[in-house]
Visitor: 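Okay, handing you the structure first.
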Protein chains: 2
Amino acid sequence: MDIFVRYLEKVRTFAPEKVEMFSKACEYGIRASIYIAEKSLLDKRVSLKEVAQAINSPEAYTSKILQQLSRSAIINSDKGPTGGFSMDKYMLNNVKLSMIVSAIDGDEIYKGCALGLEKCNEKMPCPLHDQFKSIREDLKRMLETTTVKSLSLNLEKGLTFLKR
Amino acid sequence: MDIFVRYLEKVRTFAPEKVEMFSKACEYGIRASIYIAEKSLLDKRVSLKEVAQAINSPEAYTSKILQQLSRSAIINSDKGPTGGFSMDKYMLNNVKLSMIVSAIDGDEIYKGCALGLEKCNEKMPCPLHDQFKSIREDLKRMLETTTVKSLSLNLEKGLTFLKR
DNA sequence: AAAATAATGGATATTTTTGTCCGCTATTTG
DNA sequence: CAAATAGCGGACAAAAATATCCATTATTTT
Ligand code: FES
Ligand code: FES
């Protein structure tokens with residue numbers, strides 16, 4: 001079976017280069033939020049440049065994503081010297097990953113059909129519906145129960161990394 | 001919280017339109033395989049046109065995907081009159097979804113990091129690694145244990161649908 | 001008030017993915 | 001062997017996602 005997969009590797013001339021669970025924008029958004037949260041725990045604001053360096057993301061693109069998170073009231077942004085991005089106490093204690101994902105990728109991840117049919121639909125399920133449902137629910141539950149704060153605490157302890 | 005999400009809906013001016021677990025190519029590939037398998041169970045070959053209609057996909061694009069599956073030896077293709085696509089007995093009984101996904105999307109879905117770091121890595125895990133791992137493993141197990149045949153049998157029974 | 005700083009918003013560019021077109025090859029039928 | 005059929009392969013086109021540029025706005029410091 002591993003041989004089979006290796007064989008496919010060579011033959012795969014067509015199709016996507018990368019396929020990930022979240023969009024790049026969302027990945028940057030989550031990583032940035034965790035970094036901002038970590039610094040906010042120490043009452044520090046961070047500039048766009050700092051964020052982009054910390055999470056190893058393109059600066060200008062990251063700017064767009066932070067704007068989106070700011071508009072969604074998940075993070076604060078302040079202009080001018082001493083300005084930058086931060087997360088206030090309330091958000092620090094309450095923001096779940098699901099909010100960031102919703103703010104950037106929308107709720108397709110929850111409502112979408114595994115096989116791309118127009119919305120997941122119990123009444124006319126696609127062939128993969130049953131098998132997919134529980135996985136999607138696990139993912140949803142995970143995103144809805146995981147706080148950004150808990151992730152930033154692990155980061156601070158040096159247990160996890162935002163870039164390599 | 002529901003109000004929060006609805007609020008985001010409006011504010012969401014930036015970012016991806018659709019974010020799905022598999023690429024479109026892979027979705028078409030899986031749906032096509034299930035359809036071809038269903039017909040092959042009745043010893044019928046199907047043309048590209050039939051497949052595209054059955055799964056409601058763009059014909060020319062579907063052609064590319066079927067070529068890929070054919071090169072990967074998952075389905076057979078025959079030229080000329082009476083030609084078309086089919087799945088032989090062996091494949092019919094042995095093809096798992098994971099093989100189709102590997103053939104089209106590659107194995108990024110198994111190896112990739114949830115937050116987009118260069119490959120998932122136990123030694124230097126991203127902040128979401130632990131939470132993500134079990135979900136990814138569930139997904140992997142599901143794909144590796146689900147046969148195309150079983151899905152096509154449910155389809156034949158009218159329990160599931162390839163288009164709406 | 002002027003200068004410096006940092007985010008913002010809009011336009012634009014690049015890359016990737018998705019989708020199309022069309023002449024070619026192989027196969028079957030008559 | 002000619003005609004019809006059906007997939008193949010390469011080039012091309014459109015759409016979406018990702019990424020960049022730069023002038024502007026808001027804020028702070030001097
Ligand atoms: S209908 Fe496809 S996942 Fe529910
Ligand atoms: S390192 Fe990110 S998922 Fe394993």
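Only heavy atoms go into these numbers, but all of them, side chains included; no hydrogens, no water, no symmetry mates. Letters A, B, ... are given to chains in the order of the sequence lines, protein chains preceding strands, and every chain is numbered from 1.
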Visitor: Considering only D:dT18, D:dG7, C:dT8, which nucleotide approaches the side chain of A:Ser77 most closely?
Guide: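 It is C:dT8.
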Visitor: What is the distance, rounded to the nearest whole Å, between atom NZ of A:Lys44 and atom C1' of C:dA6?
Guide: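 So the two atoms are 19 Å apart, to the nearest Å.
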Visitor: DNA chain D: B:Lys49 or A:Cys26, which has the more 5' nearest nucleotide?
Guide: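 Of the two residues, B:Lys49 wins.
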Visitor: What integer distance in Å separates B:Arg31:CZ from C:dT18:C1'?
Guide: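 Atom CZ in B:Arg31 sits about 14 Å away from atom C1' in C:dT18.
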Visitor: Should side-chain heavy atoms under 4.5 Å link Ile, Leu, Val, Met, Phe, Trp and Tyr, which residues sit in the same cluster as A:Phe161?
Guide: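 Reading the cluster by chain and number, A:Phe161 sits alongside B:Met124.
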Visitor: B:Tyr61 OH to D:dC8 C1': how many Å, rounded?
Guide: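 In whole Å, D:dC8 C1' and B:Tyr61 OH are 17 Å from each other.
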Visitor: Tell me every residue that passes side-chain contact (heavy atoms from CB on, under 4.5 Å) with A:Ser86, counting only those two or more places apart in sequence or in another chain.
Guide: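 Partners of A:Ser86 under the side-chain contact (heavy atoms from CB on, under 4.5 Å) test: A:Ser40, A:Arg45, A:Asn76, A:Asp78.
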Visitor: Within the structure, does a side-chain N or O atom of B:Gln67 lie under 4.0 Å from either OP1 or OP2 of D:dG7?
Guide: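 Negative; the distance criterion is not met.
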Visitor: Quick one: sort the A:Phe22 and B:Phe132 rings into parallel, tilted or perpendicular, breaks at 30° and 60°.
Guide: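 Ring orientation of A:Phe22 relative to B:Phe132: tilted.
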Visitor: Hey, does the side chain of A:Tyr28 come within less than 4.0 Å of D:dA19's phosphate (OP1/OP2), counting only N and O?
Guide: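 For A:Tyr28, the contact criterion (side-chain N or O under 4.0 Å from OP1 or OP2 of D:dA19) is met.
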Visitor: So which nucleotide from C:dG19, D:dT18, C:dG9 ends up closest to the side chain of B:Pro58?
Guide: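 Between C:dG19, D:dT18, C:dG9, the one nearest the side chain of B:Pro58 would be C:dG19.
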Visitor: Any salt bridge linking B:Lys24 with B:Glu27? Criterion: basic side-chain nitrogen under 4.0 Å from a carboxylate oxygen.
Guide: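 A salt bridge is present here (some side-chain N lies under 4.0 Å from a carboxylate O).
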Visitor: Given atom CZ of B:Phe22 and atom C1' of C:dT17, what is their separation to the nearest angstrom?
Guide: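 Rounded to the whole Å, the gap is 17 Å.
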Visitor: Expressed as a whole number of angstroms, how long is the span from A:Leu48:CG to C:dG9:C1'?
Guide: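 Distance, rounded to whole Å: 14 Å.
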Visitor: Starting from P on C:dC21, measure out to CD on B:Glu59 and report it in whole angstrom.
Guide: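 One finds 11 Å between P of C:dC21 and CD of B:Glu59, rounded.
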Visitor: If we check side chain to side chain contact (heavy atoms under 4.5 Å, CB included) with A:Lys96, which of these qualifies: A:Leu143, A:Thr147, A:Thr145?
Guide: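 That would be A:Thr147; it is the only one of A:Leu143, A:Thr147, A:Thr145 passing the side chain to side chain contact (heavy atoms under 4.5 Å, CB included) with A:Lys96.
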Visitor: Examine the side chains of B:Ser23 and B:Asp105 and answer whether a donor and an acceptor come within less than 3.5 Å of each other.
Guide: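 Looking only at side-chain atoms, B:Asp105 and B:Ser23 do form a donor-acceptor pair, the distance falling under 3.5 Å.
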Visitor: Counting only side-chain N and O atoms of A:Ser63, is one of them less than 4.0 Å from OP1 or OP2 of C:dT8?
Guide: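 No.
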Visitor: Taking all atoms of both residues into account, what is the closest heavy-atom pair of A:Gly112 and A:Cys120, and its distance?
Guide: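 The pair with the smallest heavy-atom distance is O-CB, 3.7 Å.
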Visitor: According to a hydrophobic-cluster definition based on side-chain heavy atoms being under 4.5 Å apart (Ile, Leu, Val, Met, Phe, Trp, Tyr only), do A:Val148 and A:Tyr90 belong together?
Guide: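 Hydrophobic grouping puts A:Val148 with A:Tyr90.
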Visitor: Run the side-chain contact (heavy atoms from CB on, under 4.5 Å) test against B:Lys119 and tell me which residues pass, sequence neighbours left out.
Guide: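 B:Lys119 satisfies side-chain contact (heavy atoms from CB on, under 4.5 Å) with no residue once adjacent residues are dropped.
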Visitor: Taking the basic N atoms (NZ, or NE/NH1/NH2) and the acidic carboxylate oxygens, is any pair closer than 4.0 Å for A:Lys133 and A:Glu122?
Guide: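 A salt bridge is present here (some side-chain N lies under 4.0 Å from a carboxylate O).
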Visitor: For the helix from C:dA1-D:dT30 to C:dG30-D:dC1, what is the angle between the axes at its two ends, each from 5 pairs, rounded to 10°?
Guide: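 Both end axes considered, the difference amounts to 10°.
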Visitor: Between the protein and nucleotides 27-30 of chain C, which nitrogen or oxygen pairs are less than 3.5 angstrom apart?
Guide:
none

Visitor: Which pair of heavy atoms, one from A:Gln131 and one from A:Pro127, lies closest together, and at what distance?
Guide: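 Shortest heavy-atom contact: OE1-O, 3.6 Å.
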Visitor: Between protein and nucleotides 10-13 of chain D, what N or O pairs are separated by less than 3.5 Å?
Guide:
unit_1	atom_1	unit_2	atom_2	d
D:dG10	N7	B:Lys64	NZ	3.2
D:dG10	O6	B:Lys64	NZ	2.7

Visitor: Do other residues, nucleotides or ligands put more than 12 heavy atoms under 6.0 Å from A:Glu59 CD?
Guide: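 Enclosed.
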Visitor: Can you tell me how far C1' of D:dG9 sits from CZ of B:Arg71, to the nearest Å?
Guide: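 About 8 Å, once rounded to whole Å.
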Visitor: What is the distance, rounded to the nearest whole Å, between atom CD of B:Gln68 and atom P of D:dG9?
Guide: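 Rounding to the nearest Å, CD of B:Gln68 and P of D:dG9 are 11 Å apart.
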